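As a basis for the values below, the full set of heavy atoms in this structure was taken, side chains included, without hydrogen atoms, waters or symmetry mates. Proteins come first, then strands; the chains are lettered A, B, ... in the order of their sequence lines, and each starts at number 1. Keep in mind it's a predicted model, so treat the numbers as computed, not measured.
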Amino acid sequence: MTTSVQTKTMTMVQSINDAMRTMLAEDERTLILGEDVGVNGGVFRATEGLYEEFGAERIIDTPLAESGIMGTSIGLAANGFRPVAEMQFLGFIYPAFNQIMTHATRIRQRTMGRYTSPIVIRAPYGAGVRAPEIHSDSVEGLFTQMPGIKVVVPSTAYDAKGLLISSMEDPDPVLFLEPMRCYRSSRMEVPEEKYTIKLGKAAVLKEGEDISIFTWGAMTIETMKAVEQIENEQNISCEVIDLRTLYPLDKEIISQSVQKTSRALIVHEAPGTGGVSSEVLSVINDTSFLYLRSPVERVSGFDTPVPVYSLEQEYLPSPEKIKHAIQRSITF
Amino acid sequence: MLTEFPLQQVLNEEGHVKEEDTMQTITIDQIKSFYYYMLRARLLDKKCVNLQRQGRIGTYVQYEGQEAAQVGSALALEKGDWMLPTYRDHAATLTFGQTMRNLLLNWRGRLEGGVPPEGLNIFPPAVPIASQLPHATGVAWAEKKKGSDRVSLVYFGDGATSEGDFHEGLNFASVFQTPTIFFNQNNGYAISVPMEKQMNSKTIAQKGLGYDIESARIDGNDIVAVYLAVKEAVKRARNGEGPTLLEAVTWRYGAHTTADDPSKYRDQAESETRRKTADPLLRLERYLKNEGKWDEAWHAAIEEEIQEEIDTALIEMENYPEAELSQMFDHVYDIPTWPLQEQINEHLATKGRNA
Ligand SMILES: Cc1ncc(C[n+]2csc(CCOP(=O)(O)OP(=O)(O)O)c2C)c(N)n1
């Protein structure tokens, strides 16, 4: 017998809101801190209605200071609360970098487990929305190299709710990246009840036989476009995998997929050098080297700052570039 | 602290002179010039809001209501001095000599928008809040080391005073006695957060006390008060008497940016009231009328002249050649590194997205 699950049509930003509401109602230790998250409901409306429902003691409009938001969250977490700290944009997390790198990620070890940092840092990120400079940075790679924190990126409304709840229940700090382009790009049915999606697990967006494409965040959109086009034009079958958690990576899915297709492409919008693609490559190398029929391809942003918006489309991986890379891999 | 740092005013809201002696130092021609620069800034701002609505420029940051603070401070500087603006301070950079065309290009997502005209020292508008304050200390420190009498003036909002960089910039300026004017525009809000939630202190000027920096609080909608306070601070800086912190109390009429909806966090009726009571342009108009010096023909003529200037700049913006692909790669390094060079070669070879 199956029980039917009540669902509601939501955009990603609504499901993120729903995840926070769910946890605020369930666990009174949950706090939301950030710039403009209270009365205003967040600059993207991610915290809309929470202030009215849970009050100023729990939905906190902080002073404009990211290091302060992060540092006080560390103190609140060490002393019993579960803060969700919003960085208004990932490009403004830099003042908090010191607190994350030197304390949030280390306090567990430095106190041999006595104090911990169960903090979720939420941050909208990514290019392609014609935002002013700095707002479009994609610097997940700065954090995947940081020991002591997990890095999560949903690309759908369903995943966003399940992953955010898991992140909020995780005993360690989690950087939860929200691709701005996915906030309202589509709607889907999302269960109204609480559910979780395990961190560290990728999702197969589309099964295929000839090449495995690994991507995350807003690049899932470009990748799916490219795949649809190339499969219509040629006799190629692509498997598309949304990694969803960038640290720790889903070694199992990556290796299984590559061993099935024998080819791989990684697509991300962060600069090429030091991007997470290098880590995906190393998983492939470690697990599936002898299965490969062509070198692993990559399509990424450049080793430049994300350009101001007149040029951002040139910076971002496009379906055309992704198709070229697929072609190169197949015809190698 | 409100008594230690009283709001300095020379011309009140009705355009009546509060400080007769001080007003003696300002001529009617100067007042008319103040008015001209404020009108120019205001008309450009209104135009930009419209251009954004029409989709001809991207997200725009308006400053309407803050013209006296920006124009008055900019006019108190000399060419050669350094100006460090934020994203909201293009009334200041325009007045200081940035071109209208470049300002428009900035909102069109073009790098040219952040480049100052030859001979002017203007940093590109700082987007990360308060990050520009230590730079202002640094450029002024360099002038001091070089033995010049040039100064720097840096703009920032009330919200910015919460960031570490605000405090670090002030402390360095104090320790090294740099010729820096920290010019705060307290417009009451940091996006949705009102000053009372941003800080527990009643003034921003008092924050200078902790660093032993000369500080004052001025009516930021009184351009005469602003101009004279900055002149005085500049004079002290040039004389080697160190930094000054000025709090110009003002108000932004509109939204934080064209992407913001102020009705979520404040009653916009307040802005409408202030337009009628405390507007910086209206104040000068009232003063000139009180003095019998208001001239309708002059007003119509400058308005027409400014509209023409804006129209010309708009045409320049729209006819400006499209951004070259290579701009994305140029100037990242002096000489591109090999990984970047490989990326450039590959991208240009496939002509980017059109490949
Ligand atoms: C470091 C950083 N954090 C957050 C932001 C997002 N943001 C842009 S403007 C703003 C409010 C700034 O308020 P204030 O300093 O008072 O200046 P105003 O915008 O009112 O001129 C915020 C939070 C940013 N630009 N930089």
Side-chain angles (χ1 to χ4, degrees), chain A residues 34-45 48 51 56 60-69 71 88-89 91-96 98 129-135 271-274 300-321 323-324, chain B residues 58-59 61 87 105-111 113-114 124-125 127-131 157-166 190-194 197-199 256-257 259-262 264-266 322-325 327-330 332-333 336-337 339-340 342-344 347 350 352-355:
Chain A
E35 296 154 10
D36 308 285
V37 299
V39 176
N40 193 43
V43 294
F44 289 101
R45 306 279 165 249
E48 181 123 74
Y51 180 86
I60 305 163
D61 275 324
T62 65
L64 205 178
E66 291 74 15
S67 180
I69 294 169
Q88 203 161 79
F89 290 85
F92 302 135
I93 201 170
Y94 310 121
N98 180 35
V129 298
R130 287 164 60 107
E133 52 166 358
I134 325 282
H135 292 71
T273 300
S300 69
F302 305 108
D303 289 4
T304 71
V306 182
V308 283
Y309 84 72
S310 56
L311 283 169
E312 71 179 348
Q313 290 306 328
E314 296 291 345
Y315 172 90
L316 285 171
S318 61
E320 286 75 12
K321 281 193 215 167
K323 277 161 64 182
H324 269 291
Chain B
T59 304
V61 183
Y87 47 83
L105 286 174
N106 178 55
W107 300 109
R108 204 121 129 145
R110 295 295 297 266
L111 281 173
V127 169
I129 304 296
S131 53
D158 36 295
T161 67
S162 295
E163 290 278 10
D165 275 346
F166 164 80
I191 308 187
S192 71
V193 180
K197 283 171 82 172
Q198 189 69 241
M199 64 195 79
H256 168 71
T257 70
D260 171 54
D261 172 9
K264 294 266 177 199
Y265 54 82
R266 75 181 193 193
E322 276 205 24
E324 292 281 341
L325 234 178
Q327 274 198 354
M328 176 162 53
F329 305 112
D330 291 343
V332 176
Y333 296 93
T337 55
L340 181 57
E342 280 188 9
Q343 294 171 3
I344 297 171
H347 189 67
T350 55
R353 70 186 140 164
N354 302 321

For A:P307, is it the side chain, the backbone, both or neither that has a heavy atom under 4.5 Å from a heavy atom of chain B? side chain

Going by heavy atoms in the side chains, are B:Q343 and A:T304 under 4.5 Å from each other? no

For the interface with chain A, which of B:L340, B:I191, B:T59, B:T257 has the highest count of heavy-atom pairs at distances below 4.5 Å? B:I191

Partner chain A: residue of B:R266, B:E163, B:E324 with the largest heavy-atom pair count (under 4.5 Å): B:E163

Hey, which of B:G159, B:P125, B:S192, B:P262 has the most heavy atom pairs under 4.5 Å with chain A? B:S192

Among the options B:V61, B:V127, B:V332, pick out the one with the most heavy-atom pairs lying under 4.5 Å from chain A. B:V127

Per-residue tally against chain A (heavy atom, under 4.5 Å) across B:P339, B:P128, B:P336 peaks at B:P128

Rounded to the nearest 0.5 Å, what's the gap from OH on A:Y309 to CZ on B:R108? Could you check? 7.0 Å

A:E312: what forms a salt bridge (charged side-chain N to carboxylate O under 4.0 Å, His left out) with it, not counting sequence neighbours? none

Using only atom types and a distance under 3.5 Å, with no angle test, would you say the side chain of A:E314 pairs donor to acceptor with the backbone of B:M328? no

Okay, A:V306 and chain B: the region with an atom under 4.5 Å from a heavy atom over there is neither

Quick one: salt bridge (charged side-chain N to carboxylate O under 4.0 Å, His left out) partners of B:D158, sequence neighbours excluded? none

Does any backbone or side-chain atom of B:I129 lie under 4.5 Å from a heavy atom of chain A? Answer side chain, backbone, both or neither. side chain

Interface check, chain B: of A:V43, A:N40, A:L316, most non-hydrogen pairs under 4.5 Å belong to A:N40

Given that the side chain runs from C-beta out, which part of B:Q327 has a heavy atom under 4.5 Å from chain A: side chain, backbone, both or neither? both

Below 4.5 Å from any heavy atom of chain B, which atoms of A:I134 appear? Answer side chain, backbone, both or neither. side chain

Can you measure from NZ (B:K197) to CG (A:L64) and round to the nearest 0.5 angstrom? 13.0 Å

With a 4.5 Å cut-off on side-chain heavy atoms, are A:D36 and B:K264 touching? no

Find the one option among B:W107, B:F166, B:Y265, B:F329 whose heavy-atom pairs under 4.5 Å with chain A are most numerous. B:F329

A:Y315 versus chain B, heavy atoms under 4.5 Å apart: side chain, backbone, both or neither? both

For A:P63 versus B:S162, what's the shortest heavy-atom pair and its separation? CB-OG, 3.6 Å

